[in-house]
Amino acid sequence: MYAVALVVVGLAGGLWAQPVGTFTLGLGGRPWQGGGDSVDPEVLLRNGARMVVDTTNTPENAIDFTQRRGWISPLFFDPEENIASRVLLERGRISSPNSLHASRTIVNKWLAGTVNGDHEVAYQRKPTAIFPDANANGILIVLDFGVSVGIHRVRFYPRNALVATPSAPFQDDFMRGYELWINERETNTAQNAPDFLIAREASNEKAIVDLAVPPQYVRLVKLRSIVTTPFEVDEVEVYGTGYLSEAVYYTDLIDLGDRATVGRVRWLQQAVGEQVFSNVSLRVRSGNDDTPVLYRREGEGAFGDTFILEVTGEEYHQLERFEQAPLIDDEENWSRWKSVENDALVTAPGPRRYVQFRLDFSGRIFDAREVARLQFDYLQPPIADTLRAEVFPRLAEAEKPATFHYAVRLKATGPVRGYDRLEIDTNIRVSNIRGLRVNGQSVDFTVVENEPEYFIVDFSLIDGNDDLLEFTFDLPIFRFGSTFSGRAFNRLWPEVPQILEPGNAVSFGPEDIAELSGLSVAIPRAQVGKLVGDIVLSSRLLTPNGDGINDQLEIFFNLLQLTLPTPVIFDLYDLAGHKVYTVFGEEHRLGPATHRWDGRAADGQRVLPGLYVWVLRVKADSFEERHSGTIAVVY
């Protein structure tokens, strides 16, 4: 019995003594090429009319691992690299829309041979016994990369012209007249996307045509014959330059070993070229298993009824095409992709065992982003399996003091670490926090911080399944859709908080409708849209004569609904409409504001006695809200 007790205590001690784990991909961690050295990704991509599963970290090989050691970026093309074969990738295509002299299967084979380096296969527009009229005028070969790629050169030629091909001595069957067109988008003149002519030669005498193109992005490269003479094309070579305009990198399905609370995500990036023209964003999803895709088969029962049955990925790929049901994301076990900011918490559902990240790059031909490292901390066991929170009431009148009740319910399906700190987001400093209870019993607590944007309270550890924390606080609401989101901390591991999940935590009475439970508070519809609440002047009469009565004008107002600092200007005009003085002009945040004016203008002299019009302006992103009134200056 004594030995067994030691083992149990040792296991428990090991479980709780585990430090915060850190996962690093890139510099100082696992190499980017390995995706995290975990479970291969499964991502649904469209290929024509069907969805297919991509199990690589870099769909369409769009990521560069070698441009800068240890960093990743959109693929950078060596100017000597022929990139024409990229039209054979998922989003690409090569076609000859007006080639009707051979079957589509044969034409497609020829076209693939013009970009894949096979010098035995060529596109042919030549007379045959079945098709003696080989008029080549107007025949098009269209390379569609499906995405913008940087190019600077195009070369094309027949077989046995550049590369010796004794079995196909057709070096004289070159295109005798041609046009080369490009387009950065799909051709659509109605949408201001016409093709642009790069070169035209009506009497070509060169078997190998090598054309310089001003470095630029293109999606389409079109080669058009403009004479009737038959021809063939062995290869159309397109030479790249600069960075791909867009690229995506997927990590593996990162297996954390068990459910875990994931902390802040950090990544190190750097701009190449002009920073304003490039971007990289991060998204994340979380899962309960290692298969984010649902593989299903279609079947027919004994009575002709159809059914769909879930199968494994291996079984799915062994089915006949007609038996394969469309592939879909497993939304029961995997979340949708969620955006995450640098050094911010993951908003994907958790705790879960698996997480996957994707980096989306965009830029211009010589302006891009590089990423050196992706890193996050995680905690096992998690703080809780679920921390469901709600606030009540969920409707409050702007600018009026209001009392709110807050509740958090902990759910645990296994070992959890629990929490002893809450950080709650606000839009103004709260005026009172009181009545903190756990499972209905009052407990001691400490308000650690009370700032305009948030407050923090500490209390004894809460770690039991179904434990309910409740408290009350007061503050005015100044903005439509104020959300009292929050995070729970275990103070032993403060670097990995867990986000509170909005939902039904408790019933606050008959007016609390469970289906509407959450962390947002609205204001009445009549107040929605206003940026300024009540404006109060200390007096309509300013007498700046030093007697201590109405020597200064106090201006008080509330700013509503702002999410960012916003310019606010208070101007004075005379009755003729001429501006006399700007009393203040500065950025303000949400909430109350107070200013004073002593009756003096910019030169330090008192303004002339008389009646003035004041105008308060708030400059929002898409409009300007104005309020006005009058004030008299007497002395």
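Keep in mind that the numbers below use all heavy atoms, side chains included, and drop hydrogens, waters and symmetry copies.
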Query raised in the report: Within 45° of the axis and under 6.0 Å from the centre of the six-membered ring of Phe366, does NZ or CZ of Arg364 qualify?
Result: no

Query raised in the report: Is the His152 ring parallel, tilted or perpendicular to the Tyr239 ring (thresholds 30°, 60°)?
Result: perpendicular

Whether the side chain of [X] engages the backbone of [Y] through a donor-acceptor N/O pair (distance < 3.5 Å, no angle test) should be reported.
{"X": "Asn288", "Y": "Arg353", "value": "no"}
{"X": "Ser96", "Y": "Leu140", "value": "yes"}
{"X": "Tyr250", "Y": "Glu42", "value": "no"}
{"X": "Asn342", "Y": "Trp267", "value": "yes"}
{"X": "Asp64", "Y": "Phe76", "value": "yes"}
{"X": "Asp425", "Y": "Thr483", "value": "no"}

Report task. Only one of Val238, Ile208, Leu223 passes side-chain contact (heavy atoms from CB on, under 4.5 Å) with Phe156; say which it is. Result -> Leu223

Report summary line: Result for side-chain contact (heavy atoms from CB on, under 4.5 Å) between Tyr295 and one of Glu310, His317, Glu315 points to His317

Report task. With sequence neighbours left out, write down each residue that passes salt bridge (charged side-chain N to carboxylate O under 4.0 Å, His left out) with Arg30, or none if nothing qualifies. Result -> none

Query raised in the report: For Arg125, what residues pass the salt bridge (charged side-chain N to carboxylate O under 4.0 Å, His left out) criterion, not counting sequence neighbours?
Result: none

Query raised in the report: Phe376 and Phe357: aromatic ring centres closer than 6.0 Å?
Result: yes

Query - Residue pairs involving residues 196-205 (criterion side chain to side chain donor-acceptor pair (under 3.5 Å); sequence neighbours excluded) - result: Glu179-Arg200

Report task. Identify whether the distance between the nearest side-chain nitrogen and carboxylate oxygen of Glu331 and Arg336 falls below 4.0 Å. Result -> yes

